[in-house]
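Written out below as structure tokens is the structure these notes cover.
None of these values were measured; they are calculated from a predicted model. Order of appearance sets the numbers: ligands from 1, and atoms from 1 within every ligand.
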Amino acid sequence: MGYRMVLEPETTSRIAIYPGSFDPVTKGHLDLIARGAQIFDQLIVAVAQNSEKDPLFDAKERVEMLEAVTFEYKNVEVDLFEGLLVNYARSQNARVILRGIRAVSDYEYELQMAMMNRKIEEQLETVFMIPAMAYSYLSSRLVKELARLGGSVKDFVPPIVEERLRAKLGAKS
Ligand code: PNS
């Protein structure tokens, strides 16, 4: 026989951080949250406070929308973080960073970020998940552009986000 694998009993819960700008949260993000919540014991959706110089929604608004749309998940919480993601992950006892990859074009940036994070904190693993095909072309940036130009964003964001976009930009429903 070959080697015998010794399985350590699970002593700690698996906490994953799902970081991002979430400006605003889309149905693609939500799809990933639903998948992550099934795999990890606890999923912390972490809103980067200073990721973009000029966000449409301030950090508090982004958190509010995320809290509203993740309410049904008992093992999902929403938080804000500032500074290095690896430091935040350490402060939460998280060993995993969850990121979504939509298309090959995402890969290069994600690889760079994952490698840089690994260099800073070797113990932290980045786990990539793929959203449903229907959301493979979706991004917060395009949703904002669509809303700004008067297009309907109904298919791409949850109703609360649609309302907030309409209030801010006058998007059609
Ligand atoms: O949704 P986004 O904009 O693709 O998310 C990018 C984010 C916020 C995950 C990334 O910019 C980040 O981790 N920012 C925090 C600062 C940091 O740790 N940067 C990585 C150093 S390599």
Side-chain angles (χ1 to χ4, degrees), residues 14-37 39-40 42-70 73 76-148 153 156-158 160-162 164-165 168-169:
R14 286 189 190 277
I15 304 170
I17 310 275
Y18 178 33
S21 308
F22 302 105
D23 183 39
V25 57
T26 67
K27 287 187 179 178
H29 294 128
L30 264 184
D31 180 88
L32 218 76
I33 290 170
R35 289 170 199 277
I39 299 234
F40 300 104
Q42 200 192 341
L43 185 67
I44 304 173
V45 182
V47 176
Q49 206 148 5
N50 305 323
S51 65
E52 231 187 298
K53 279 203 190 94
D54 191 19
L56 178 62
F57 293 99
D58 67 31
K60 190 170 151 274
E61 291 175 301
R62 287 180 269 152
V63 166
E64 272 170 14
M65 286 184 274
L66 272 164
E67 278 175 345
V69 297
T70 59
Y73 299 104
V76 173
E77 69 178 75
V78 182
D79 196 10
L80 268 176
F81 79 100
E82 254 185 312
L84 278 183
L85 176 60
V86 293
N87 291 344
Y88 174 73
R90 199 181 296 125
S91 76
Q92 300 300 308
N93 290 320
R95 294 268 304 272
V96 173
I97 298 295
L98 173 65
R99 291 284 289 173
I101 288 202
R102 291 161 299 190
V104 178
S105 48
D106 282 338
Y107 180 74
E108 211 165 324
Y109 170 61
E110 292 300 331
L111 178 72
Q112 257 184 329
M113 209 158 56
M115 286 307 182
M116 190 66 95
N117 286 336
R118 177 178 282 171
K119 176 76 183 153
I120 314 171
E121 179 65 72
E122 214 185 333
Q123 297 301 311
L124 197 62
E125 284 298 336
T126 301
V127 169
F128 297 111
M129 291 182 87
I130 302 165
M133 196 62 152
Y135 306 126
S136 60
Y137 57 91
L138 187 52
S139 73
S140 298
R141 187 179 61 79
L142 285 182
V143 164
K144 283 183 282 190
E145 186 167 325
L146 191 61
R148 266 192 202 106
V153 294
F156 310 124
V157 294
I160 181 182
V161 176
E162 194 192 342
R164 298 276 184 115
L165 279 168
K168 229 174 235 249
L169 299 168

Check: of I120, N117, N87, min heavy-atom distance to atom 20 (C) of ligand 1 comes from N117
Closest non-hydrogen contact found for G100 with Y18 is N-CE1, 4.5 Å
The atoms of ligand 1 lying under 4.0 Å from a heavy atom of M116, numbered in the order shown, are 22 (S)
Heavy-atom nearest pair, N93 first then I15, reads O-CD1, 3.9 Å
Heavy-atom closest pair (A94 atom, I17 atom, distance to 0.1 Å) is CB-CG1, 3.5 Å
Closest non-hydrogen contact found for F40 with R14 is CB-O, 3.7 Å
Would R99 count as a polar contact of ligand 1, with the cut-off being nitrogen or oxygen pairs under 3.5 Å? yes
Taking only non-hydrogen atoms of L85 and a 4.0 Å limit, the atoms of ligand 1 in range are 13 (O), 17 (C), 18 (O)
Just to check, does Q112 reach to within less than 4.0 Å of ligand 1 when the distance is taken from its heavy atoms?
no
The salt bridge (charged side-chain N to carboxylate O under 4.0 Å, His left out) partners of E110 (sequence neighbours excluded) come to R99
So the atoms of ligand 1 within less than 4.0 Å of a heavy atom of A48 turn out to be 8 (C)
>> Closer than 4.0 angstrom, basic N to acidic O: yes or no for R35 and D31?
In response: yes
A student checking ligand 1 against L84 at a 4.0 Å heavy-atom cut-off should list atoms 17 (C), 18 (O)
Counting from 1 in the order shown, the ligand 1 atoms closer than 4.0 Å to a non-hydrogen atom of G20 are 1 (O), 5 (O)
The residue among T70, V69, I160 that forms side chain to side chain contact (heavy atoms under 4.5 Å, CB included) with V25 is V69
G83 heavy atoms within 4.0 Å reach ligand 1 at atoms 15 (C), 16 (C)
Tested for ring pair (Phe, Tyr, Trp, His ring centres under 6.0 Å) against H29, the lone hit among Y135, F156, F22 is F22
With heavy atoms and a 4.0 Å threshold, my read on which part of S21 contacts ligand 1 is both
Near F81 (heavy-atom distance under 4.0 Å), the atoms of ligand 1 are 15 (C)
Within-shell test, S140 vs ligand 1, heavy atom, strictly < 4.0 Å: no
